[in-house]
Structure formats: C-alpha cells, structure tokens
Protein chains: 2
Amino acid sequence: MNSKEKLQAAATKLFMEKGYENTTVQEIASLVGVTERTFFRQFKDKSDVLFDTSNEMGHRVAAFITDHFDVEQKPLKLAVDGFASVFGVFDGERERVLARNQIIQSHSDLQERELLKSQALIGSVTNALSVKFDSELSELAARFAVEIFYMAFTKWIESTEKSFVEQVLAVYEVYEKLCQY
Amino acid sequence: MNSKEKLQAAATKLFMEKGYENTTVQEIASLVGVTERTFFRQFKDKSDVLFDTSNEMGHRVAAFITDHFDVEQKPLKLAVDGFASVFGVFDGERERVLARNQIIQSHSDLQERELLKSQALIGSVTNALSVKFDSELSELAARFAVEIFYMAFTKWIESTEKSFVEQVLAVYEVYEKLCQY
DNA sequence: TAAAGTAATGTCAGTGACTGACATTTGAGA
DNA sequence: TCTCAAATGTCAGTCACTGACATTACTTTA
C-alpha cells in the first residue's frame, strides 16, 4: 500500500467520521504519517482523493461495447449492457459504494466533481459506439446510457430489491416505453 | 444596478481579460468599489458570480410544459419543445452566451458548477412532467431532454448554421432515429 | 560495494479563497 | 429629525494549494 492508497483510505475514514468540511488535509496527511505537501503531490485537490481520475470504468464500458457489436445491434442497448456488466460489481461491495455515495451527497463540491466524471464516461462510450454508428447517434446514445446508468444507480442506492443489473434493465424498459409515445 | 449586478459585470469583464484563475476576488471587488467581504455576501464563492442560482430557466421550462400538455402528448417532445422555446433567446444574445461559455470551458471548477445546474433543471422538468406522466417516465424524459439540450447547445456554439431551436429539433430527430433501432 | 543518479518526501514561506464577529454607514419610513 | 434595519466595512484568522529548494531513500551501474 503506497502513500496514495493510504491517503485515500485515511481520507475516506475521516470524511465518514467527521464530515468532509470538518476534515483538513493536514489531518489526513498526519494520520498516514506524511506531510500536507505529499497529499497535494498525489491529488490535485482535496476532493480528488475520492475520485479515480483514470476513467477506468469508461474504458471498460468502451471495451465491452467493442466486444459485443455482433451480439447487440441497438446502440443504446449495447451501451446500457456495457454499464450493467461493468458496474455489476457494485452488488459485491454495496457497503463501500454506499459509504462513498453518502460522503459525496454531503457536499456539493463533491457532487459537482462526480458529474464531471460523467463527461469522461460519455466521451469513452461515444468513441466506442462511433466505430459502428453515426457520430451524432453515438453521442446521443452515450449520453442517454449514462443517464440511464445514473438513474439506475440512484434506485439501486435507495432500495435493495433488485441487483444493479436488474435496476439498469428496469430503467432501460422505461426508455422503451418512452419511445412508444 | 445594485452591487450584486455590478460585481457580476465586473467579474465577467475581468475573467475575459485576464482569465478566471488570474483574477482575484479582491480585484473584482475593487473594480466595483466594494470590499472582498461584500462579494462573499452576495456570492457563496468565486465561481458563483457566473451562475444564476435561481433556476429561473428550469421554472420557465416547467411552466411551458404545464401550459402545453394538450398540444403535445409525447413527454420528451414536450420537454424538448420547452427547452427550445425558453432558450430560443440565445440567438439574440449570441455574443454574451459565447463569451460566458468560453470562460466556463476554461476552468474545470466552472464546468462542474454548470453541470450541477443541470440537476436542478432535471428536477424542475421531472416535476412538471409528473403531473401527467408516470414518475419514472417523467424523470427519464427530463434527463433525456436536458441531454438533448446540452448536445444542441454544443452544436449551436460550434456553428452558426442553425438557430438554437433548429439545433434542438435536429437533435430530437437523432433521438427518433435512435428509437427505431 | 561505492558512487551516482532518480524518485519520493520534507520544509518553508507565501497567496488567495472564504468565514465569523463586530463596527460603521446608509437609506427609508415614523 | 430620529430610528431602525439592511448593506457594507474592518480585521483577524483558517485552510486549500503552490513554488522553490533541501533531504532522504531507493536503484542502477561501474
């Protein structure tokens, strides 16, 4: 566990215990045994410690799409399946995801940050879809897929009735209903 | 023109001239002839000076929806028409909108802030649609409408070919194409 | 193994965003 | 003109964040 990971763990712990605002970077660093300066070498700002900037999930969804062009012809369904597949792991780490979500909902800076990540997600998905579909159609499908994902995520957070995959598919069915108007 | 409006004007001016990062709140306040403290009484933070927190546009779109339930039965089309109608004014103030957009694109804090506003927009539109439609369908339609709006906005920024309303309708047609898969 | 190089971390001083507490001014109405 | 309230000023302080430079620790190579 390098200092970056240690800082992430310490930050999450402190944010949960005393809240995001009431935790100083100083405290996070001290808990790990490094200085504030080291924190800011690892993360661009305080909120950064909670976010994976690599867009790894975006790449995974994109990879799924690339791999399944032949099994699913509908662009949006393909992207949505990608989200379902990649984020299906959420069910296995519900605790952690819930804790992280609670921190993020507690402070608008963090919510904003989370939303910026969705832009990267849209970009990755758009690129992946563009290989087989018109670029405008790809972008729209990517945007919609991300919205379906978020809506499903919210519902998944609020209730334990369905698995993540089921929630995603349930929201996709709402989309199909919407199309029928 | 009260000090709030003066500060907004001064801030926009300075942000354009020297960039967002290179402009201090001190400078903005001085330009207007007030102190930094007054700035922070009007705006919750530096970026706030660029954003209308009232969600006025959200309310207007909601009002449009409420007024047009009988002329347009499709929930998404109704919401999209609302955006087209309310934001049609952009054509008349292209300069200003472009300038503001340029500032926002220059700094990720501002982009994040802009994205948070879209959540308020989604909320207003969802509420308005919920009067006649199922709540899940309403939320999804609201989310999609906002995405269509943003995509249209981006295209409108990048080219002068079409009016804002035309761009919105063009993206809506992409949606119809998407539904046909 | 010793020297040399490189990456991670520490130190420190400084800037700028933002807040709380309290004082002062200003403007509208009695 | 007096009075009250709202807006603004003053000031001291905290905390996020950065640049410059020093130090430590770990790797490579002769």
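Sequence lines set the chain letters: A, B, ... in the order given, protein chains first and strands last, and positions in each chain run from 1.
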Whole-Å gap separating C1' (D/dA16) and CG (A/N22): 15 Å

B/E114 side, atom CD; B/N101 side, atom CG - distance, nearest 0.5 Å: 7.5 Å

A/R96 with A/E93: basic N within carboxylate O range, under 4.0 Å: yes

By side-chain contact (heavy atoms from CB on, under 4.5 Å) - contacts of A/T12 (at least two apart): A/M16, A/L50, A/I103

Check: A/S85 and A/R60 side chains under 4.5 Å, non-hydrogen atoms: no

Nucleotide-resolved protein contact map, nucleotides 8-19 of chain C, B/S/- at heavy-atom distance under 4.0 Å: -BBBB---SSBB

Test of ring centre spacing under 6.0 Å for B/F51 and B/F43: no

Nearest-Å distance for atom pair NE2/C1', residues A/H107 and D/dA16: 12 Å

Between C1' of D/dA6 and NZ of B/K4, the distance in whole Å: 15 Å

